[in-house]
Amino acid sequence: MSAIYSRLVLAEIKMELLHHAHVLESQNMYELLQQVLATVKKIDAMDEDIQQNITTS
């Protein structure tokens, strides 16, 4: 899978998670919200790693 495609997939997953985070926040489900936001941070880290690999190649 190409690095650019991987980044696009991660961006799509991140957008879905952020949508769910908004719903969780509106329903005062803060524990699940924190888990979702932690996952979003992991996705950001993965995207950063991919981006660095693209620029060093």
If you group Ile, Leu, Val, Met, Phe, Trp and Tyr by side-chain heavy-atom gaps below 4.5 Å, do V9 and I50 land in one group?
yes
More than 12 heavy atoms from other groups under 6.0 Å of CG on L32
yes
For a quick test of reading the model, state the closest non-hydrogen atom pair linking I43 to L10 and the distance between them.
CG2-O, 3.8 Å
Testing the basics here: between V36 and A21, what is the closest heavy-atom pair and its distance to 0.1 Å?
CG1-CB, 4.0 Å
Distance (rounded to the nearest 0.5 Å) between [X] [atom1] and [Y] [atom2]:
| X | Y | atom1 | atom2 | result |
| --- | --- | --- | --- | --- |
| L37 | H20 | CG | NE2 | 13.0 Å |
| H22 | Q27 | NE2 | CD | 10.0 Å |
| N53 | E48 | CG | CD | 10.5 Å |
| S2 | I54 | OG | CD1 | 8.0 Å |
| D49 | R7 | CG | CZ | 11.0 Å |
| L18 | L24 | CG | CG | 11.0 Å |

Any heavy-atom pair between the side chains of N28 and Y30 that's under 4.5 Å?
yes
Residue pair V23 / M29, side-chain heavy-atom distance below 4.5 Å
no
